[in-house]
Amino acid sequence: MKRVPFDMGDIDIAWCPGCGNFKILDALKQALTELDLDPEKLVIVSGIGQAAKMPHYVRTNVFNGLHGRAIPAATGIKTANPELTVIAEGGDGDMYGEGGNHFLHAIRRNSDITNIVHNNMVYALTKGQASPTSTIGFTTPVQVGGVTEEPFNAIAVAIAQDASFVARAFSGDEDQTKDIIKEAIAHRGYALVDILQNCVSFNKVNTYQWFKENTYYLEDSHDPLNRIEAFKRATEEGKLPLGIFYRNPDKPCFEDTVPAYHTSRTPLFKRKVDVRKLQVLIDSKRSG
Amino acid sequence: MKRVPFDMGDIDIAWCPGCGNFKILDALKQALTELDLDPEKLVIVSGIGQAAKMPHYVRTNVFNGLHGRAIPAATGIKTANPELTVIAEGGDGDMYGEGGNHFLHAIRRNSDITNIVHNNMVYALTKGQASPTSTIGFTTPVQVGGVTEEPFNAIAVAIAQDASFVARAFSGDEDQTKDIIKEAIAHRGYALVDILQNCVSFNKVNTYQWFKENTYYLEDSHDPLNRIEAFKRATEEGKLPLGIFYRNPDKPCFEDTVPAYHTSRTPLFKRKVDVRKLQVLIDSKRSG
Amino acid sequence: MSTSSIQKRDDISIVLCGEAGQGIQTVEQILTRVLKLSGFNIIGTKEYMSRVRGGSNSTQIRVSSRNVSSAVDRIDILIPLDKKALQHVGKRISPDTVILGEKDEIVGENDNGDLTVIDVPFSQIASDIGGRVYSNTVATGVIAGLFKVDRADFLNYVTTFFSGEKETIIEKNREAAKKGYEIAQELIDSGAVDIDVKKDPGSARDILINGAEAVGIGAIAGGCNFISSYPMSPSTAVLVFLSRHAEEFDIVAEQAEDEISAINMALGAWYAGARAMVTTSGGGFALMEEAVGLAGMLESPVVIHLAQRPGPATGLPTRTEQGDLQLALYSGHGEFPRIIFAPGKLEDAVFLSSMAFNLADKCQIPVFILTDQYFMDSYYNMPSLPLSDTGIVKYVVKTDKRYKRYALTKNGISPRGVPGFGSGLVSVDSDEHDEEGHITEDLDLRVKMVDKRLAKLKEIEKDALPPELVGRGDYTTLIVGWGSTYHTIKEALGCLKRDDVSFLHFKQVFPLHRTTLSYLKKAKKVVAIEGNATAQFSHLINRQTGFNIQDKILKYSGLQFSVEEVVAQLEKLL
Amino acid sequence: MSTSSIQKRDDISIVLCGEAGQGIQTVEQILTRVLKLSGFNIIGTKEYMSRVRGGSNSTQIRVSSRNVSSAVDRIDILIPLDKKALQHVGKRISPDTVILGEKDEIVGENDNGDLTVIDVPFSQIASDIGGRVYSNTVATGVIAGLFKVDRADFLNYVTTFFSGEKETIIEKNREAAKKGYEIAQELIDSGAVDIDVKKDPGSARDILINGAEAVGIGAIAGGCNFISSYPMSPSTAVLVFLSRHAEEFDIVAEQAEDEISAINMALGAWYAGARAMVTTSGGGFALMEEAVGLAGMLESPVVIHLAQRPGPATGLPTRTEQGDLQLALYSGHGEFPRIIFAPGKLEDAVFLSSMAFNLADKCQIPVFILTDQYFMDSYYNMPSLPLSDTGIVKYVVKTDKRYKRYALTKNGISPRGVPGFGSGLVSVDSDEHDEEGHITEDLDLRVKMVDKRLAKLKEIEKDALPPELVGRGDYTTLIVGWGSTYHTIKEALGCLKRDDVSFLHFKQVFPLHRTTLSYLKKAKKVVAIEGNATAQFSHLINRQTGFNIQDKILKYSGLQFSVEEVVAQLEKLL
Ligand SMILES: Cc1ncc(C[n+]2csc(CCOP(=O)(O)OP(=O)(O)O)c2C)c(N)n1
Ligand SMILES: Cc1ncc(C[n+]2csc(CCOP(=O)(O)OP(=O)(O)O)c2C)c(N)n1
Ligand code: SF4
Ligand code: SF4
Ligand SMILES: [Mg+2]
Ligand SMILES: [Mg+2]
């Protein structure tokens with residue numbers, strides 16, 4: 001029998017039958033298992049949305065915070081304890097809408113967190129408004145005349161910012177999704193995994209079938225170290241490429257730049273204030 | 001004598017002598033004059049920062065709002081009255097730090113506003129902390145060990161998002177800056193003008209001289225319609241190119257997509273509620 | 001099995017309960033409309049979980065000959081759509097409750113014989129017609145039949161309702177509806193159920209709207225032509241309503257990238273002469289607070305619809321609470337005036353939402369409309385809307401060359417110009433500023449500007465709406481309530497049947513009307529009823545009047561008070 | 001010209017006034033240090049405009065033999081560094097004020113002969129040495145000389161101060177310093193000025209810190225090892241302080257992209273076991289409010305330093321006010337407990353900042369430290385810091401397999417585990433949740449969780465710090481103040497010389513200590529003194545105790561109260 005240390009057993013999952021989120025959940029649990037991670041040493045951080053319910057369905061540590069704010073919370077966690085594996089997970093609205101500024105700056109900061117975005121091209125939990133990734137013409141009760149803005153291209157923006165790991169997956173392909181997630185977690189530094197995901201209830205345009213027909217994998221020959229090439233692939237018209245677009249192995253990882261970790265990786269909570277030093281600091285205010 | 005309708009006369013300007021902002025102010029006033037704009041039909045919107053004091057020094061309508069929030073306010077203004085020319089102006093911290101999310105989404109929305117960013121690579125008004133565009137190694141009272149993160153490349157991100165007009169200028173070259181501003185204002189849709197600006201008080205690294213030595217103009221042969229080429233130029237190592245990187249003339253302008261302006265451009269404040277229609281709407285609630 | 005209770009009633013509470021995605025809403029929409037069209041008074045309310053499928057949700061439809069508009073615990077007819085339903089509403093089922101459903105499938109193990117069940121094989125019938133999806137329409141038919149809705153009218157409505165669908169689907173739904181209707185007739189004929197709620201001839205022509213529509217209609221009536229918002233339950237319905245009618249009414253309706261953008265857009269829009277609003281809920285509103293302060297400083301009008309839900313943080317996103325009063329009252333840093341409305345009746349919401357725009361424009365301040373999930377989702381029929389009381393008064397002036405945005409005036413209100421209207425320039429500034437709207441560090445002027453902004457509070461107090469007294473003027477006990485609890489408390493008061501108890505309802509909660517204290521002082525005992533845990537309105541009353549309300553009935557489970565609950569709690573206290 | 005007033009004084013108020021960028025800070029830093037080192041008590045305060053160059057700023061240094069620590073209007077010695085200076089502090093100049101400056105250049109047209117000017121040609125002297133930049137050092141020398149600071153000590157300090165500069169620059173500064181010192185000796189010798197403030201032998205060894213350092217040191221003493229913030233005056237100084245000492249004390253100091261990120265990072269850090277704080281000001285704090293609610297729901301500790309400045313919106317960014325008390329008190333939507341400290345003394349700030357971390361950790365709530373620009377920028381000498389009263393108490397538990405983050409307990413506090421410490425899993429949730437920290441829609445559990453969170457308020461009330469009574473216990477008039485006005489009111493009280501008036505200062509403003517009401521009731525008359533326009537603390541007192549303070553002295557110009565001002569206002573009222 002397969003070892004499933006991250007399984008929650010028989011719980012009530014609030015997603016709709018047929019939702020792509022189930023496959024992402026399976027892929028994630030499988031990835032975590034294959035990476036042989038310890039549930040006690042993993043934290044899944046999320047915002048609010050259907051995707052953001054994810055951590056409640058994985059047997060591990062959970063930080064389910066505010067809509068759009070998973071990334072800063074994850075950064076705080078990772079920086080306070082670099083021994084933890086930290087995943088920031090949520091929906092397209094969560095990460096690219098409400099949380100857009102954190103997305104931009106997380107790429108620059110390059111903290112060692114894995115950013116998994118369930119991209120169903122819609123705000124599902126709030127019942128079907130357009131998200132930043134909704135396609136042009138997509139109609140909703142708010143976008144009654146259809147979306148007119150070009151969808152947010154997270155892959156291209158991440159490459160433009162020289163992100164250290166940029167990938168796209170499709171929930172329908174559990175196996176490859178799992179592999180990509182594994183690579184992302186294994187990567188040191190900020191890793192974006194944008195996962196195309198079908199929402200059976202609110203996105204009748206970008207369905208499972210649509211994704212099947214409108215995606216393909218980058219060729220093996222694609223060189224993820226070539227930024228311009230990666231950008232070309234990210235912005236090409238037509239079908240959406242899947243796979244690892246770009247890697248920048250040279251970017252310093254945020255935690256490594258933090259003075260507190262220059263000589264030791266001990267988590268902050270295990271450290272003590274050096275009262276002697278504090279006294280020295282205070283005494284320096286006597287003379288200077 | 002040159003006509004200077006936008007001049008405020010003899011006012012106290014809170015900038016430091018030698019600051020690049022003065023040249024941007026002159027370039028802007030000159031651009032507005034040459035475009036023959038009417039001060040009464042122009043609004044300059046800003047956030048908070050040294051750069052954001054700008055509108056107070058131009059004789060026109062002013063909306064000096066919150067740090068980071070010039071873009072949404074400008075969008076609201078332009079959408080409420082498309083007859084106005086609207087400029088959203090501020091610093092690098094204002095627009096790319098606090099206001100990063102609005103920057104991202106303004107590009108998508110493509111409202112007809114000109115976004116002028118005084119990029120001095122530092123938070124000047126708050127006395128010299130790093131900004132998103134500060135260069136690696138830049139030390140400040142907060143970044144005591146020097147900045148470790150790669151500077152935010154607004155030009156590349158804008159191109160990645162297929163912005164409709166993307167340019168970079170240098171305050172030191174008043175004339176070209178003026179021309180670029182003119183083109184940006186004349187452009188229909190969102191136009192980014194990132195202006196490199198020396199801060200004599202808090203940026204002793206990226207000085208006037210440094211900018212002089214580390215910038216050059218894109219060749220005349222540069223084709224601003226070629227997105228990949230523009231991206232290459234935006235991300236090339238070494239000196240910073242100046243000029244118009246990219247244009248996308250095909251992007252629909254936000255105001256044109258708003259149903260209220262499909263048949264008329266009349267500003268909202270001149271319109272009346274159709275009470276008859278409202279009665280029809282209410283009566284529809286009797287039967288349905 | 002007894003049906004006596006139902007037979008005697010002149011109002012019947014029907015509860016539909018099932019999973020999200022099971023189509024309760026379809027049943028509800030058809031039923032409420034056809035019942036109203038055939039002359040019944042209708043009150044609909046709902047409670048639901050934060051999920052798209054599964055879980056347990058319920059909708060209550062009260063069908064009444066009386067003018068009541070609140071939710072009751074009592075269930076007269078229960079239509080359980082799944083097995084969890086009986087558990088979900090379990091506490092509310094009494095022997096008098098008639099359960100219409102599939103005995104084996106749904107009621108099953110829950111029944112210890114103490115339930116009054118009428119076995120209707122919905123699924124079987126539906127399957128025979130063409131699929132289980134039709135079982136809801138069968139149920140709809142049963143209820144329509146039990147209430148003796150005209151058969152042809154009913155079937156016509158079903159046809160219209162499904163008119164967007166394929167021909168065969170319409171046909172099958174008609175069949176299902178017919179079948180249900182027939183079952184009802186059998187039940188009536190056999191004497192199993194007999195309903196005799198009197199019809200109110202006027203109802204058929206009445207308007208049927210919910211809280212979200214009431215706010216939206218009021219906004220249009222108040223001249224709203226700009227809404228920028230970010231989706232958030234339960235406030236989104238107002239954005240949806242105005243988006244749907246955007247083209248018709250020249251409204252710019254924009255979904256912003258976040259709440260901060262939404263309100264800053266709205267301030268920009270007001271600056272340029274539009275009448276803008278935002279709609280949001282607690283967490284989203286918290287993000288808007290800096291800009292509320294900006295409105296205070298710019299002296300910009302802005303209308304904020306804040307639909308409350310239980311906090312803190314994400315809390316219970318689809319539930320109800322009156323927990324954001326203080327948040328609104330003290331929102332934004334620094335000191336500046338504001339107005340807070342909290343409609344109790346749907347009619348209030350129309351009137352107040354429209355007033356909000358006029359007052360925001362007149363006093364150049366933020367005006368809040370505080371509702372909650374219960375209010376947003378409640379609907380009932382009413383003969384007309386108070387549009388005649390409303391009307392758009394615009395305060396924008398045409399500027400001249402010497403125009404000064406912040407001219408110091410006696411009442412603190414400076415004439416408001418907009419750019420492009422007149423020959424003047426309009427400068428607004430979030431820094432402390434001079435009369436022209438430019439940054440100043442003149443600290444004497446600072447004091448004048450603070451005084452000017454705060455002076456407007458006096459102006460606003462003059463316009464404050466009085467509370468509404470329900471009951472006799474010579475009370476000894478006074479119940480105090482605000483916002484969405486209006487109908488519930490009013491009905492509870494009726495049930496109490498005590499002449500010495502009256503009810504004072506506040507639809508404007510800040511600033512309070514000057515008569516407030518005298519109402520309170522007249523009573524020997526004052527009881528506050530609030531949908532929160534810390535009695536926020538009681539604190540506000542204390543702050544404004546010095547009157548300390550001792551007795552409080554508070555609820556913060558996420559559900560609205562029921563009439564029975566209020567009666568019981570009051571009986572304990574009085 | 002008379003110098004009698006100065007001669008009699010045992011404390012001298014020196015005011016330096018000039019443009020931003022003119023080097024006032026250099027003069028101030030050297031002077032305060034050397035004066036302290038030679039045994040004087042030093043109190044420094046400042047007011048400045050929001051610009052980097054130009055404008056008019058002033059710094060006051062009081063040199064005293066007494067233990068006073070507040071700003072006065074009175075100016076004994078004025079050093080105007082530019083022409084605008086005399087205008088800027090004009091109202092504060094009296095015939096007793098000795099103006100040290102260039103008669104022609106600076107005093108010039110401002111003088112109608114009623115000014116006491118000692119002409120010192122600073123610029124000329126400086127130019128002779130090598131450039132006008134040295135004129136500040138000349139001025140420094142004059143003051144050092146007037147106060148008879150040991151010449152060698154003074155010159156040594158100057159050398160140390162400029163030690164980062166080139167050799168010639170150090171030399172020229174020494175020269176300028178010497179020159180100034182000589183001028184002072186001439187003035188003394190000629191009898192033009194004679195200062196005889198007694199030295200306090202202890203002062204030389206005293207600590208000299210400002211408000212920002214006090215908060216920072218307290219934070220380190222409280223175990224703070226994480227700060228994430230976004231720059232905003234006047235709160236940035238705390239971020240700067242902790243950044244400077246980050247390496248030394250293993251502190252993660254991160255400048256976030258915005259305030260929302262800053263506080264969410266801090267909450268993440270606490271979750272993972274760090275002790276995190278944010279430092280911000282009104283507008284930035286407004287953006288953090290949603291996350292304050294998140295702290296409430298997660299039951300996460302968090303320490304928030306909120307340095308107040310005048311609002312609304314951008315207001316006066318470099319000025320002072322006590323206007324954000326209500327903002328902090330009601331911040332975040334939904335209902336949950338919090339603690340608010342407002343230090344009056346610098347020593348308080350050290351103690352309270354360190355306590356804040358322990359209490360946040362113990363009660364799992366947000367703890368606020370409310371200061372303001374005046375407090376941040378004030379400094380004075382003191383023998384020691386109350387570190388012995390502090391000490392780090394950590395409340396994190398090691399988890400086991402059955403660990404439940406939100407275990408229901410009697411006092412509402414559930415043992416707090418952190419991920420990776422023990423064998424349990426730690427789940428925190430912004431939705432309403434069950435004991436394990438998973439989303440729930442169980443509404444009975446909701447009620448229990450609300451009660452649990454609010455129960456902590458009782459626990460917190462037990463720990464509340466009592467207010468400090470200054471003066472006799474048998475007062476008939478009681479002055480009430482909070483936060484940064486402590487020293488000013490205390491000194492004013494001393495000036496009043498009335499045994500029947502005492503002063504009650506609150507350094508914890510929420511929740512209030514249980515003795516509060518009894519203090520208030522004992523007085524015949526209570527006067528609140530607050531640095532805001534709407535008497536926010538008086539409202540809070542009313543809310544918590546039912547006591548209504550009638551008399552209020554309010555200031556909201558952007559400047560701190562001066563001692564004289566408080567005396568005058570009190571004399572009017574009493
Ligand atoms: C501050 C704030 N604004 C709005 C919301 C309401 N809200 C909850 S989830 C959501 C969007 C969900 O979309 P997405 O992130 O794409 O997740 P999905 O449900 O599609 O998986 C919104 C707007 C909220 N909870 N908090
Ligand atoms: C919400 C908020 N946070 C922080 C600040 C403080 N603040 C004012 S200007 C500024 C940054 C200025 O940098 P930039 O935008 O680059 O403008 P510059 O002064 O360099 O021209 C900051 C952080 C503020 N006013 N409001
Ligand atoms: S609404 Fe869409 S995203 Fe949400 S659970 Fe259902 S199918 Fe999945
Ligand atoms: S601080 Fe820098 S940006 Fe600001 S006015 Fe001075 S030189 Fe210009
Ligand atoms: Mg989504
Ligand atoms: Mg800058």
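First the proteins, then the strands, lettered A, B, ... as listed; each starts at 1.
For C:L454, the part lying near chain D is the side chain, with the backbone staying farther off; criterion is any non-hydrogen pair under 4.5 Å. At a 4.5 Å heavy-atom cutoff, C:N548 makes no contact with chain D through either its backbone or its side chain. Heavy atoms closer than 4.5 Å to chain D are found in both the backbone and the side chain of C:N532. Contacts between C:S50 and chain D at a heavy-atom distance below 4.5 Å involve backbone atoms as well as side-chain atoms. For C:F547, no part lies near chain D; criterion is any non-hydrogen pair under 4.5 Å.
The most heavy-atom pairs under 4.5 Å with chain C, out of D:A295, D:S430, D:A328, D:G293, come from D:S430. The candidate from D:D324, D:D444, D:T440 with the greatest count of non-hydrogen atom pairs under 4.5 Å with chain C is D:D324. Ranked by non-hydrogen atom pairs under 4.5 Å with chain D, the options C:A286, C:S281, C:A313, C:G311 are led by C:A313. For the set D:Q308, D:Q536, D:R453, D:E441, the count of heavy-atom pairs under 4.5 angstrom toward chain C peaks at D:E441. Between chain D and the options C:H333, C:M449, C:E289, C:R309, the largest number of non-hydrogen pairs under 4.5 Å is found for C:H333. Your options are C:G334, C:G315, C:A291, C:S331, and the one with the most heavy-atom pairs under 4.5 Å with chain D is C:G315. Chain C forms the most heavy-atom pairs under 4.5 Å with one residue out of D:G323, D:G332, D:A533, D:G296, and that residue is D:A533. Heavy-atom pairs under 4.5 Å with chain C peak, among D:K555, D:R51, D:E321, D:R319, at D:R319.
Rounded to the nearest 0.5 Å, atoms CE (D:M288) and CD (C:E290) are 11.0 Å apart.
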May I have the step-by-step check of side chain to side chain contact (heavy atoms under 4.5 Å, CB included) for D:L287 and C:I260, ending in yes or no? CA-CA 9 Å; D:L287 290 168; C:I260 302 173; 3.8 Å; yes
| message | Apply side chain to side chain contact (heavy atoms under 4.5 Å, CB included) to residues C:I439 and D:T314 and explain how you reach the verdict. | response | CA-CA 10 Å; C:I439 305 190; D:T314 309; over 6 Å; no
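Contact of the D:P310 side chain with the C:R446 side chain is registered, since non-hydrogen atoms from C-beta on lie closer than 4.5 Å. Counting only heavy atoms from C-beta outward, the side chains of C:D451 and D:Y556 approach each other to under 4.5 Å.
At a cut-off of 3.5 Å, with distance as the only test, no side-chain donor of C:Q326 or D:E335 sits close to an acceptor on the other residue.
Scanning all heavy atoms of the two residues, the minimum distance from C:L443 to D:S557 falls at CD2-O, 3.3 Å.
For CD of C:Q87, the number of neighbouring non-hydrogen atoms (other residues, nucleotides, ligands) closer than 6.0 Å is 12 at most.
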